[in-house]
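Owing to the predicted nature of the structure, the values given are computational and were not obtained by experimental measurement. As the structure lists them, so they are numbered: ligands from 1, and atoms in each ligand from 1.
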Amino acid sequence: MISFKRLLATCGLSVLAATAAFVPAKAQDANYPTRNITVIVPFAAGGPTDVIARIVTGHMQQTLGQTFIIENVVGAGGTTGAARGARADADGYTLTMGHMGTHAASVPLYPKLSYNPATDFVPIGMAAGTPIVILGKKDFPPKDLKEFVAYLKANSDKLNSAHAGVGSVSYSANELLNSQLGIKPVGVPFNGTGPAMNALVGGQVDYMVDQIVNAVPQINAGTIKVYAVATPERNPSLPNVPTTAEAGLPEYQVQAWNALFAPKGTPPAVVAKLNAALSKALDDEGVRKRLLELGSVIPKPAERTPEALGTLVKNEVERWTKVLKPVSN
Ligand code: MLT
């Protein structure tokens with residue numbers, strides 16, 4: 001027979017467990033976060049999305065007092081990881097570092113995309129703007145952008161351009177360039193532009209059009225060529241690199257972005273805490289220095305709000321829908 005003392009202990013534990021289970025949701029949100037937070041990066045380690053995620057969450061974990069774990073979930077131009085992020089529990093413990101590809105350009109590219117970036121996520125905030133740069137392997141013959149354009153037009157059927165899969169920023173930025181130049185080079189997909197950059201440095205692919213972030217160290221080391229930055233102004237991290245307008249291709253203008261998202265239904269109090277921690281990270285001198293050294297553009301306070309990110313996603317889906325044609329899926 002069970003002793004009274006043991007019965008009391010068992011009941012006591014059950015009552016405690018029951019009490020914990022019935023802590024009102026609002027109180028749980030007030031205590032958030034009480035455990036590790038996973039951030040899905042939909043591309044390989046070492047690429048722009050991964051690097052930005054690690055820089056900003058490295059500071060957010062100091063603010064929130066919990067470890068942020070980066071999980072690289074690769075495939076299908078970032079849409080595999082983003083789909084996983086959309087389906088995660090809406091409790092603030094699984095976030096997604098999305099970008100212009102996963103949360104905008106993928107919509108027109110994949111008519112059967114399994115998530116809607118605008119309605120299956122709640123925006124937390126923009127982490128970084130990432131200008132696009134036009135890059136070539138070290139011994140790529142063209143010396144400047146005008147020669148690059150002429151060379152691509154003359155040889156596109158023999159050239160390989162690297163990208164991070166259909167739906168990625170590099171794919172979409174490349175497609176825009178191809179359509180403006182009227183060319184059809186062979187695209188070589190990688191699980192991210194971390195590995196694509198390795199192939200460019202190794203000379204296995206001829207050129208790449210991608211976010212500036214992981215290109216800057218290679219450009220400075222002289223392991224790849226850079227032809228132009230596709231923004232109206234030069235980038236402070238690469239002051240000697242001309243803009244596309246200066247170098248003779250003014251119509252080619254692209255800036256991408258990286259941003260944090262939570263699954264739809266995430267409590268507003270949790271989103272507000274995450275947004276405040278992200279904004280605090282973007283005000284930190286160390287974080288700013290690292291992002292700026294890699295060519296990122298730090299969002300101004302008004303651009304960091306969930307509302308601003310929601311508007312950006314809507315506008316970017318519209319913008320890329322005019323540019324990109326669906327692929328079958
Ligand atoms: C892209 O092309 O979408 C990105 O550069 C992917 C990445 O972060 O590797």
Side-chain angles (χ1 to χ4, degrees), residues 39-57 70-85 95-110 113 117 126-135 160-178 185 187-201 205 207-219 224 226 229-231 235 254-261 290-291 294-297 313 316-317 319-320 323-324 327:
V39 178
I40 295 174
V41 165
F43 295 98
T49 318
D50 182 76
V51 169
I52 288 170
R54 288 177 198 274
I55 294 174
V56 298
T57 63
I70 302 292
E71 191 183 345
N72 299 88
V73 181
V74 304
T79 59
T80 302
R84 167 107 61 101
L95 312 177
T96 303
M97 181 58 82
H99 73 355
M100 186 210 86
T102 56
H103 283 69
S106 291
V107 173
L109 286 168
Y110 292 105
L113 191 64
M126 165 107 103
T130 52
I132 295 295
V133 279
I134 301 176
L135 308 164
N160 294 320
S161 69
H163 61 74
V166 176
S168 64
V169 165
S170 44
Y171 175 87
S172 306
N174 229 310
E175 283 296 290
L176 181 63
L177 184 69
N178 293 345
V188 183
F190 292 81
N191 277 334
T193 48
M197 180 61 75
N198 292 341
L200 190 69
V201 170
V205 292
Y207 71 98
M208 183 160 86
V209 182
D210 191 33
Q211 300 174 84
I212 195 166
V213 173
N214 63 336
V216 173
Q218 299 297 346
I219 293 166
I224 56 172
V226 57
V229 54
T231 45
N235 191 282
V254 199
Q255 174 163 297
W257 44 270
N258 285 258
L260 268 182
F261 295 86
R290 289 178 69 200
L291 288 176
L294 296 173
S296 312
V297 178
V313 167
E316 287 280 87
V317 169
R319 175 164 87 107
W320 286 101
V323 171
L324 297 168
V327 292

Judged by atom type as modelled, is there a donor-acceptor pair below 3.5 Å linking the side chain of S106 to the main-chain atoms of G101?
-> yes
Taking all non-hydrogen atoms of both residues, which atom of N235 and which atom of G295 are closest, and how far apart?
-> ND2-O, 2.9 Å
Under a 4.5 Å cut-off applied to non-hydrogen side-chain atoms, are P189 and V166 in contact?
-> no
Only distances under 3.5 Å count here; give the side-chain donor-acceptor pairs of residues 72-81 to other protein atoms, sequence neighbours excluded, each with its distance to 0.1 Å.
unit_1 : atom_1 : unit_2 : atom_2 : d
N72    : OD1    : R54    : NH2    : 3.4
N72    : ND2    : F43    : O      : 2.9
N72    : ND2    : D50    : OD1    : 3.0
T79    : OG1    : A76    : O      : 2.7
T80    : OG1    : G75    : O      : 3.2

Sorted by chain and number, the residues that approach ligand 1 to under 4.0 Å with a heavy atom = F43, G47, P48, T49, H99, A164, S168, V169, S170, G192, T193, D210, Q211
Not counting sequence neighbours, which residues clear salt bridge (Lys or Arg N to Asp or Glu O under 4.0 Å) with E175? List them please.
-> none
Taken in chain and number order and not counting sequence neighbours, the residues that satisfy salt bridge (Lys or Arg N to Asp or Glu O under 4.0 Å) with R290 are none
